[in-house]
Novice: 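What follows is a structure written as structure tokens; I'll ask about it next.
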Amino acid sequence: MKAFVITKDESNMIKGIAIILMMNHHFWSSMQPIPVKIVVMGGQISNIELMIGSMCKICVSLFAFLTGWVLYLNPKFKSYLYNFRKAKSFILNYWIAELIFIIVGFMFCLKLPSFSILLANLFGFETGAYEIMGYDYVNVTFAWYVRFYLFLLLSFPILLRCLNLASKVRPLLSFIGFILFFGIMCYLCRMSDNYFVRKLLAVYFEWIPCVVVGYYFNRYGWFRYFERINTKLLCIFFILYLLLCYKFSVGYNSDWFSAIILVWLCMKAIHRIHTKVLVRLGKASMFIWFIHGLFFLPTKPLEPLILINGNTIALLLLGVFWSIIFSFMVLYLKDVTLKLFSRI
């Protein structure tokens with residue numbers, strides 16, 4: 001049976017799909033309690049829109065799964081030095097986004113973070129929307145993934161040793177063991193009063209299962225078993241599963257399960273519809289992830305750009321449009337600046 005491969009272009013297209021889902025999730029549900037969600041950025045959100053937006057949270061599991069997939073492909077990730085360089089490159093790009101937020105905050109006379117808070121923000125701590133976290137100062141609203149990704153990169157050589165030790169056991173048994181262990185650790189960390197444990201380790205243990213699933217599926221080629229499954233039936237099952245999770249608030253820490261099915265369905269769709277648009281979106285997905293948080297700043301100064309008579313469809317479409325435009329503008333300015341500095 002032919003090995004299942006995700007090419008670089010296909011990986012970027014899945015990221016492109018994931019970032020569209022993320023913007024849908026934030027613009028239609030914004031991860032807020034339901035009483036607040038009904039009025040997001042001044043627009044009325046219907047139950048259907050709220051449901052779709054909430055279910056689109058599965059976007060993060062796609063990014064985490066692909067991270068695990070790539071970590072297996074590249075043996076250089078065994079090196080602490082290589083991982084440190086990757087972490088440095090990632091954090092520098094994030095700091096560019098942080099600078100953009102500070103400039104926008106200054107332009108609109110918004111409350112800026114104190115020096116100590118700014119230092120925490122630089123590594124993805126103390127970030128979040130005012131409606132959710134109560135932070136009334138400018139910050140890269142959806143930057144919580146920064147601290148997870150940095151910790152993942154710097155700790156991956158240790159995790160890899162654990163994965164290699166577990167390979168002496170049957171893959172499926174070790175896989176189940178890891179999932180159960182991470183779930184328990186996530187629950188315990190969430191209950192902790194320690195800031196470091198609650199803010200970093202809880203996030204790590206919540207999303208590391210998706211990374212490990214991506215690693216396992218690449219290493220052991222488990223997607224080959226999906227060839228026997230009817231894609232249409234799988235799609236129906238997945239929709240029903242998401243509806244069940246939404247309706248009854250079940251599926252806690254089961255994002256890894258959603259990631260497996262969604263990656264497979266994305267690959268099936270990509271093989272039929274190969275578009276360079278998704279590739280471009282995937283390549284810019286990190287900046288789009290950060291930059292679309294500009295619409296969720298305290299007092300929402302950019303709200304007039306996307307809000308038209310409380311029309312939620314327009315809110316989503318315009319939010320996606322301007323987020324992409326602003327992100328590509330930032331990427332262009334970054335490239336121009338780097339070229340100028342390279343000539344000095």
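This one's a predicted model, so the numbers in the text were calculated from it and none came from an experiment.
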Novice: Could you pull out every donor-acceptor pair under 3.5 Å between side chains of residues 92-101 and any protein atom, sequence neighbours left out?
Specialist:
{"from": "Asn93", "atom 1": "OD1", "to": "Lys334", "atom 2": "NZ", "distance (Å)": "2.7"}
{"from": "Asn93", "atom 1": "ND2", "to": "Ser89", "atom 2": "O", "distance (Å)": "3.1"}
{"from": "Tyr94", "atom 1": "OH", "to": "Glu98", "atom 2": "OE1", "distance (Å)": "3.2"}
{"from": "Tyr94", "atom 1": "OH", "to": "Asn121", "atom 2": "O", "distance (Å)": "2.5"}
{"from": "Trp95", "atom 1": "NE1", "to": "Leu122", "atom 2": "O", "distance (Å)": "2.8"}

Novice: Less than 4.5 Å apart, any side-chain heavy atom of Tyr149 and any of Thr67?
Specialist: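 Result yes, sub-4.5 Å side-chain heavy-atom pair found.
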Novice: With sequence neighbours left out, what residues match Asn194 under side chain to side chain donor-acceptor pair (under 3.5 Å)?
Specialist: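 None.
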Novice: Any side-chain heavy atom of Phe290 sitting closer than 4.5 Å to one from Val146?
Specialist: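 When only atoms from C-beta onward are counted, Val146 and Phe290 do touch, with a gap below 4.5 Å.
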Novice: I need the single residue from Tyr145, Phe151, Trp144 that forms a ring-ring contact (aromatic ring centres under 6.0 Å, His included) with Phe148. Which is it?
Specialist: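 So the option named by the test is Tyr145.
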Novice: Mind checking whether Glu10 and His271 have side chains closer than 4.5 Å, heavy atoms only?
Specialist: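 Of all side-chain heavy-atom pairs linking His271 with Glu10, at least one is under 4.5 Å.
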Novice: Got a second to check how far Ser116's OG is from Glu126's CD, nearest 0.5 Å?
Specialist: 9.0 Å
Novice: What about Phe196 and Phe123, same hydrophobic cluster or not, with Ile/Leu/Val/Met/Phe/Trp/Tyr joined at side-chain heavy-atom distances under 4.5 Å?
Specialist: yes
Novice: Does the Arg224 side chain pair with the main chain of Gly221, one donor and one acceptor, at a distance under 3.5 Å?
Specialist: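 Yes: the side chain of Arg224 pairs with the backbone of Gly221.
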Novice: Compute the centroid of each ring, for Phe63 and then for Trp289, and state whether the two points are separated by less than 6.0 Å.
Specialist: yes
Novice: Students often mix this up, so state it plainly: with edges at 30° and 60°, are the rings of Trp222 and Phe217 parallel, tilted or perpendicular?
Specialist: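 Plane angle over 60°, so perpendicular.
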Novice: Among all residues two or more places apart in sequence or in another chain, which pass the side chain to side chain donor-acceptor pair (under 3.5 Å) test with Tyr332?
Specialist: none
Novice: Flag the pair Tyr137 / Tyr135 as yes when their ring centroid distance falls below 6.0 Å, and as no otherwise.
Specialist: yes
Novice: Applying the side chain to side chain contact (heavy atoms under 4.5 Å, CB included) test to Ser258, which of Val60, Ile58, Val263 qualifies?
Specialist: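 So, applying the side chain to side chain contact (heavy atoms under 4.5 Å, CB included) to Ser258 and each of Val60, Ile58, Val263, only Ile58 qualifies.
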Novice: Indicate yes or no: at least one non-hydrogen side-chain atom of Glu49 is less than 4.5 angstrom from one of Trp28.
Specialist: yes
Novice: Tracing side-chain links under 4.5 Å among I, L, V, M, F, W and Y, which residues wind up in one group with Ile158?
Specialist: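 Other cluster members: Tyr80.
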Novice: Do the side chains of Met22 and Ile19 get nearer than 4.5 Å, heavy atoms only?
Specialist: yes
Novice: Look up atom SG in Cys189 and atom NZ in Lys199, then write down how far apart they are to the nearest 0.5 Å.
Specialist: 14.0 Å
Novice: For Phe142 and Phe296, I'd like to know if the aromatic rings sit close, meaning centre-to-centre distance below 6.0 Å.
Specialist: yes
Novice: Return the set of residues passing ring pair (Phe, Tyr, Trp, His ring centres under 6.0 Å) with Phe226 (not counting sequence neighbours), or none when no residue passes.
Specialist: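 With sequence neighbours excluded, Phe226 shows a ring pair (Phe, Tyr, Trp, His ring centres under 6.0 Å) to Phe223, Trp264, given in chain and number order.
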Novice: Below 4.5 Å, heavy atoms only, C-beta onward: do Met267 and Phe4 meet side chain to side chain?
Specialist: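 Sidechains of Phe4 and Met267: in contact.
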Novice: Mind checking whether Ile14 and Phe65 have side chains closer than 4.5 Å, heavy atoms only?
Specialist: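 In short, these two side chains do not touch, never coming nearer than 4.5 Å.
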Novice: Out of curiosity, Leu73 CG to Asn218 CG, how far, rounded to the nearest 0.5 Å?
Specialist: 4.5 Å
Novice: Throw together a table of side-chain donor-acceptor distances under 3.5 angstrom for residues 178-185, partners on residues two or more places apart or in other chains.
Specialist:
none

Novice: We want to know whether Ser174 and Tyr216 form a side-chain donor-acceptor pair, criterion being a heavy-atom distance below 3.5 angstrom.
Specialist: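 A pair is found: one side chain offers a donor N or O, the other an acceptor, under 3.5 Å apart.
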